[in-house]
Amino acid sequence: MRVDIVTIFPEFFQVLDVSLLGKARQDGIIDVRVHDLRDATTDRHRTVDDTPYGGGAGMVMKPEPWGQTIDAILDDAAGQPAVPAEGSGSGDARPLVVFPSPAGTVFTQATARRYALEPHIVFGCGRYEGIDQRVFDDTAERARVELVSLGDYVLNGGEVAVTAMIEAFGRLVPGVVGNPESLVEESHEDGLLEYPSYTKPALWRGREVPDVLLSGHHAKIAAWRHEQQIERTRRVRPELLPPELR
Ligand SMILES: Nc1c(O)cccc1[N+](=O)[O-]
């Protein structure tokens with residue numbers, strides 16, 4: 001799987017050199033390439049923004065550097081088709097270009113599962129007041145374009161969101177996580193929040209571990225854990241529960 005990231009802060013993504021994703025890169029499972037948008041500028045100040053048409057506060061990211069950078073990435077990828085992960089992908093052979101945006105659809109675990117099957121994703125990190133709309137419209141001429149939001153809050157740019165998204169889908173790419181079983185019992189994977197976890201010691205500051213977890217009775221443990229998932233989800237995120245369980 002190939003991932004391209006366009007940003008004015010390439011150093012931000014050094015975090016992708018560590019932990020599971022760093023190993024996936026070393027193992028060649030995920031090929032991550034970071035592009036400095038300013039490399040596509042032509043003026044001495046390497047300008048990537050300008051004042052908004054129609055007035056208003058802040059600056060808007062200019063379309064030219066974006067168009068040139070995205071074209072170069074897609075042209076390069078067209079010559080080296082990336083290998084799709086196992087499983088059924090979108091069926092649309094065009095690359096996927098994702099722009100984190102507060103105006104986007106909400107990123108969920110289902111999005112992460114879908115992205116993990118894509119052979120190639122390009123992420124465009126906006127800054128300032130955003131990217132000229134024509135960049136999205138022009139890119140959509142040759143790629144699938146998605147504006148995706150992590151949540152209803154304001155960030156200074158897309159870099160944090162892209163890091164979170166790459167972590168979320170990267171761990172689902174076959175071969176990245178050693179034990180795929182560990183991906184199953186997690187919050188949101190089955191639509192419910194995860195059950196509470198305990199480890200040694202059995203007694204800590206006067207607090208014991210629930211007896212059922214010490215019983216060795218696997219069926220009772222599984223039933224208790226599912227009940228805990230439903231109770232926690234009902235308490236914290238009732239909207240995630242199917243109607244019959246609310
Ligand atoms: N919320 C937000 C933002 O304010 C700026 C860029 C990206 C996001 N987001 O993905 O949620």
Side-chain angles (χ1 to χ4, degrees), residues 1-16 19 21 30 32-41 46-67 69-70 73 90 95-118 120-140 143-173 186-189 193 236-237 239-240:
M1 177 180 193
R2 173 173 169 174
V3 175
D4 289 275
I5 304 168
V6 182
T7 174
I8 59 172
F9 295 117
E11 65 278 11
F12 192 97
F13 293 98
Q14 288 170 9
V15 68
L16 299 182
S19 187
L21 282 167
I30 301 179
V32 179
R33 309 180 193 195
V34 183
H35 308 265
D36 187 342
L37 184 69
R38 294 189 192 278
D39 290 347
T41 60
R46 310 186 80 202
T47 307
V48 293
D49 62 316
D50 206 331
T51 54
Y53 279 121
M59 303 291 272
V60 175
M61 299 191 94
K62 294 168 59 64
E64 303 97 322
W66 279 102
T69 304
I70 291 174
I73 292 169
S90 71
L96 176 62
V97 182
V98 176
F99 296 94
S101 166
T105 55
V106 177
F107 183 85
T108 65
Q109 189 65 13
T111 318
R113 283 196 289 268
R114 176 164 62 88
Y115 284 6
L117 298 174
E118 290 287 343
H120 182 206
I121 301 179
V122 181
F123 286 99
C125 300
R127 281 268 151 178
Y128 309 107
E129 296 308 309
I131 302 170
D132 187 302
Q133 175 63 37
R134 292 168 293 179
V135 172
F136 309 136
D137 301 338
D138 182 70
T139 303
R144 288 170 288 149
V145 173
E146 294 186 7
L147 272 60
V148 178
S149 169
L150 279 196
D152 298 333
Y153 38 76
V154 179
L155 301 171
N156 291 325
E159 284 79 8
V160 168
V162 168
T163 303
M165 292 181 199
I166 292 177
E167 167 118 350
F169 76 74
R171 58 199 299 279
L172 301 178
V173 173
E186 295 183 310
S187 282
H188 302 292
E189 192 49 52
L193 300 186
V236 178
R237 294 286 302 279
E239 75 280 9
L240 296 179

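Indexing begins at 1, ligand by ligand and atom by atom, following the structure's order.
Heavy-atom distances between N156 and ligand 1 stay at or above 4.0 Å for every pair.
Looking only at protein heavy atoms, the nearest one to atom 11 (O) of ligand 1 is L150 N, 2.9 Å. Remark: minimum distance from atom 1 (N) of ligand 1 to any protein heavy atom is reached at Y153 O, 2.7 Å. For atom 6 (C) of ligand 1, the closest non-hydrogen atom on the protein side is G157 O, 3.6 Å. Here the heavy atom of the protein found nearest to atom 4 (O) of ligand 1 is L155 N, 2.7 Å.
For Y53, the OH atom counts as loosely surrounded, since its 6.0 Å shell holds 12 or fewer non-hydrogen atoms of other residues, nucleotides or ligands.
In summary, D36 and R38 do not engage in a salt bridge, as defined by a charged side-chain N under 4.0 Å from a carboxylate O. One finds no salt bridge joining R144 and E146 here, because no Lys/Arg side-chain nitrogen approaches an Asp/Glu carboxylate oxygen to under 4.0 Å. With respect to the salt-bridge test (charged N to carboxylate O, under 4.0 angstrom), the residues R127 and D49 do not qualify.
Contacts between D152 and ligand 1 below 4.0 angstrom, taking non-hydrogen atoms only, are absent altogether. Heavy atoms of S149 found under 4.0 angstrom from ligand 1 belong to the backbone as well as the side chain.
For ligand 1, the polar-atom distance check against M165 finds no nitrogen or oxygen pair separated by under 3.5 Å. Close N/O approach between V154 and ligand 1 is not found [any backbone or side-chain N/O within under 3.5 Å].
Close contacts of ligand 1 with V148, meaning ligand atoms under 4.0 Å from a residue heavy atom, involve 10 (O). Near G151, the atoms of ligand 1 lying under 4.0 angstrom from a non-hydrogen atom of the residue are 1 (N), 11 (O). Every atom of ligand 1 with a heavy atom of A161 under 4.0 Å away is listed here by number and element: 10 (O).
Classification of the F169-F123 ring pair by plane angle, with boundaries at 30° and 60°, yields parallel.
A side-chain contact (heavy atoms from CB on, under 4.5 Å) with V135 holds for exactly one of V97, I70, T69; it is I70.
With hydrogens and angles ignored, the 3.5 Å screen pairs no side-chain donor or acceptor of S19 with any backbone N or O of L21.
To the nearest 0.5 Å, the span separating CG on D132 from CG on D50 amounts to 10.0 Å.
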